[in-house]
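Before any comments, here is the structure.
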Amino acid sequence: MKVPTSPTSPSSTTPAVARARRGAVPAQTRAITPPPQGVDPERWPDVATQPRASGIRTAMAERLVRHALSRLPLRARLAGRDSIGLGGPLMEIRRPDAFFRRIGASGLIGFGESYMAGEWDSPDLVGVLSVLAGNAAELVPAPLQRLRGLWALRQPAAQANTPEGSRDNISHHYDLSNDLFALFLDDTLTYSSAVFRGFPAERDLLPAAQHRKIDRLLDLAGVGHGTELLEIGTGWGELALRAAARGARVTTLTLSREQQELARGRIREAGHESRVDVRLCDYRDVTGEYDAIVSVEMIEAVGVDFWPVYFRTLERCLAPGGRIALQAITMPDDRMLASRSTYTWIQKYIFPGGILPSTEAVERVTTAHTGLRMRQRSTYGMHYAETLRLWRERFEERAAQVDALGFDATFRRMWTFYLAYSEAGFRSGYLDVQQILLTHEDTV
């Protein structure tokens, strides 16, 4: 695979890289790795140091966690001695006191930070996380769920997806390093769910599966020769390339300078520079009218408060008779409503300001704020689970190259946990991914 040259190589860093760099392993049945030695307290302050938590809060957390684990089909072994659970994938809790203290202090954020600190691990990380995801609604007792507003951490105002906040949030993830993403993605550099012909998915078929996904979206939007296409969320340019090859003229928007630079280079190399305009532009600022609009897994970064603005922008930019094709990761409506204000590990470390919509939320917002209507949708969550498995396995295999880019062991554990956590969401059915067609209300 040709690894793209990135301005975020070790000799030139962005603020996002500076946060994550400095100096997980094999797949479904993996050896439990030693905990990271010497977690950098400047880079990872909340991982390197145990949080403040009262003895009462820690004791309550331990009681709740032990009770929850005892009813689940897994086996949690505490400090190599007593075990909890009904049997199944092994969760090795090396430092129970630290583990319960973190959960008492910050709930699921503490659960993820405890993994980053090496306080727990598993030879089947996806298996353990799939059990937890599949039972997410029952892990916290109903009385405590109703009091979520009193104990759950709230999303920080600094992560709100205002125009300024969105740029910072996107940079935090996508400006880490083009070279990092190239280590685990396939040659298409497509960072969204593929569509496979069968399971288990094979790594060498991933590029074709990504093209299959893109082509389905372009077909759904009716993109062909002469189509004026707006893409919200460029990625590294593969969809724009496929659309340009069909004869479309593409305006594609990104907030990541790293993505813009590499996407422009790939488009120029393919000879489509005259057909594709890659803009560093917030979706709220786009102008013009387009025959078709596509957006792949970008709504997840919009934020609940800005969903009406997002869909009104799509409506404003869509020509009469035009079509909008979205690919979106979704979650159950009741879980989305219950957790939409909660601050999560994913938001803290991976996608600041992110939140997944439900299908019902998309319908509510489009009906209340626009004349757009959902006409068609297809779901394929297990395809995302397989996509994530392939990414995770490749990332774990290339630990040495990740280190060579300047990322440390804590980062690698964080990224492994993120990929496994996401895969588990789809394997358990807690998450889904959909392609959705929207048109104007009066379009037949």
Spacing of Met91 atom CE and Leu129 atom CG [to the nearest 0.5 Å]: 8.0 Å

Main-chain N/O of Gly353 paired to Gln159 side chain as donor or acceptor, under 3.5 Å: yes

Any pair counted as ring pair (Phe, Tyr, Trp, His ring centres under 6.0 Å), so long as it reaches residues 259-278, sequence neighbours left out: none

Pair Thr439, Arg375: side-chain N/O donor-acceptor within cut-off below 3.5 Å: yes

Under 3.5 Å side-chain donor-acceptor pair for Thr234 and Thr252: yes

Set of salt bridge (Lys or Arg N to Asp or Glu O under 4.0 Å) partners for Arg212, sequence neighbours left out: none

Check: Gly110 main-chain N/O paired with Ser106 side-chain donor or acceptor under 3.5 Å: yes

Distance (rounded to the nearest 0.5 Å) between Thr342 OG1 and Arg335 CZ: 9.0 Å

Tyr115 and its ring-ring contact (aromatic ring centres under 6.0 Å, His included) partner, picked from Phe417, Trp415, Phe99: Phe417

Tyr191 versus Glu297, side-chain donor and acceptor atoms under 3.5 Å: no

Ring pair (Phe, Tyr, Trp, His ring centres under 6.0 Å) partners of residues 244-264, not counting sequence neighbours, each pair once: none

Partners passing salt bridge (Lys or Arg N to Asp or Glu O under 4.0 Å) against Arg266 (at least two apart in sequence or in another chain): Glu238

Nearest-0.5 Å distance, CD1 of residue Ile329 to CD1 of residue Ile299: 11.0 Å

4.5 Å side-chain heavy-atom contact, Tyr421 and Leu132: no

Worked check of salt bridge (Lys or Arg N to Asp or Glu O under 4.0 Å) between Asp285 and Arg279: CA-CA 11 Å; Asp285 297 328; Arg279 299 181 185 175; over 6 Å; no

Steps toward side chain to side chain contact (heavy atoms under 4.5 Å, CB included) verdict (Tyr174, Leu255): CA-CA 9 Å; Tyr174 292 97; Leu255 290 178; over 6 Å; no

Arg257 atom CZ: more than 12 heavy-atom contacts under 6.0 Å: no

Pairwise side-chain contact, Asp333 with Thr359, heavy-atom cut-off 4.5 Å (strictly under): no

Asp186/Arg394 salt bridge by N-O under 4.0 Å criterion: no

Modelled atom types, side-chain donor and acceptor of Asp277 and Thr251, under 3.5 Å: no

Value rounded to 0.5 Å, distance of CG in Asp432 from OG1 in Thr330: 4.5 Å

For Arg377, salt bridge (Lys or Arg N to Asp or Glu O under 4.0 Å) partners two or more places apart: none

Test item: Arg412 and Phe395 side chains (from C-beta on) under 4.5 Å apart, heavy atoms: yes

Any donor-acceptor N/O pair, Thr366 side chain to Glu363 backbone, under 3.5 Å: yes

With sequence neighbours excluded, residues passing ring-ring contact (aromatic ring centres under 6.0 Å, His included) with Phe111: Trp120

Pairs meeting criterion ring pair (Phe, Tyr, Trp, His ring centres under 6.0 Å) with involvement of residues 217-253, two or more places apart: Phe181-Trp236

Proximity of Tyr349 and Trp345 rings by center, below 6.0 Å: yes

Ion pair check, Glu393 and Arg389, cut-off under 4.0 Å: yes

Donor-acceptor pair, side chain of Ser428 and main chain of Gly425, under 3.5 angstrom: yes

Contact check, side chains of Leu189 and Leu262, non-hydrogen atoms, under 4.5 Å: yes

Residues, nucleotides or ligands: over 12 heavy atoms within 6.0 Å of Leu108 CG: no

Expected output: side-chain Gln260 to main-chain Glu258 donor-acceptor under 3.5 Å: no

Residue pair Phe351, Tyr418: steps toward the side chain to side chain contact (heavy atoms under 4.5 Å, CB included) verdict: CA-CA 10 Å; Phe351 292 112; Tyr418 149 59; 3.6 Å; yes

Validation row: Pro320, Glu289 side chains within 4.5 angstrom (heavy atoms): yes

Arg340 atom CZ, neighbour heavy-atom count above 12 within 6.0 Å: no

Atom pair CD1 (Ile324) and NE2 (His440), whose distance is rounded to the nearest 0.5 Å: 6.5 Å

Donor-acceptor under 3.5 Å (Thr387 side chain, His383 main chain): yes

Leu239 side chain near Leu218 side chain, heavy-atom distance below 4.5 Å: yes

Donor-acceptor pairs are to be reported for all side-chain atoms of residues 302-311 against protein atoms at under 3.5 Å, with residues two or more places apart or in another chain.
unit_1: Tyr310; atom_1: OH; unit_2: Ser295; atom_2: OG; d: 3.2

Would you tabulate the side-chain donor-acceptor contacts of residues 193-201 under 3.5 Å, counting partners in other chains and residues two or more places apart, or write 'none'?
unit_1: Ser193; atom_1: OG; unit_2: Tyr384; atom_2: N; d: 3.4

Side chain to side chain, Leu185 and Gln210, heavy atoms closer than 4.5 Å: no

Check: Pro332 main-chain N/O paired with Ser358 side-chain donor or acceptor under 3.5 Å: no

Residues which pass side chain to side chain contact (heavy atoms under 4.5 Å, CB included) with Arg102, listed by chain and number, not counting sequence neighbours: Gln50, Pro51, Glu113, Ser114, Ala117, Glu119

Heavy-atom side-chain contact between Thr254 and Ile170 under 4.5 Å: no

Worked check of side chain to side chain contact (heavy atoms under 4.5 Å, CB included) between Ile232 and Leu314: CA-CA 9 Å; Ile232 300 179; Leu314 297 183; 3.5 Å; yes

Nearest-0.5 Å distance that lies between atom CD in Gln327 and atom NZ in Lys213: 5.0 Å

Sequence-distant partners of Arg242, salt bridge (Lys or Arg N to Asp or Glu O under 4.0 Å), two or more places apart: Asp215

Glu386 and Tyr380: CA distance, side-chain angles, deciding distance, side chain to side chain contact (heavy atoms under 4.5 Å, CB included) verdict: CA-CA 11 Å; Glu386 286 293 284; Tyr380 50 102; over 6 Å; no

Residue pair Met336 / Ala361: nearest heavy atoms and the distance that separates them: CE-CB, 3.5 Å

Residue pair Ser378 / Arg216, side-chain donor-acceptor N/O under 3.5 Å: no

Any residue meeting side chain to side chain contact (heavy atoms under 4.5 Å, CB included) with Asp204, in chain and number order, not counting sequence neighbours: Glu202

Side chain Glu231, main chain Val294, donor-acceptor under 3.5 Å: no

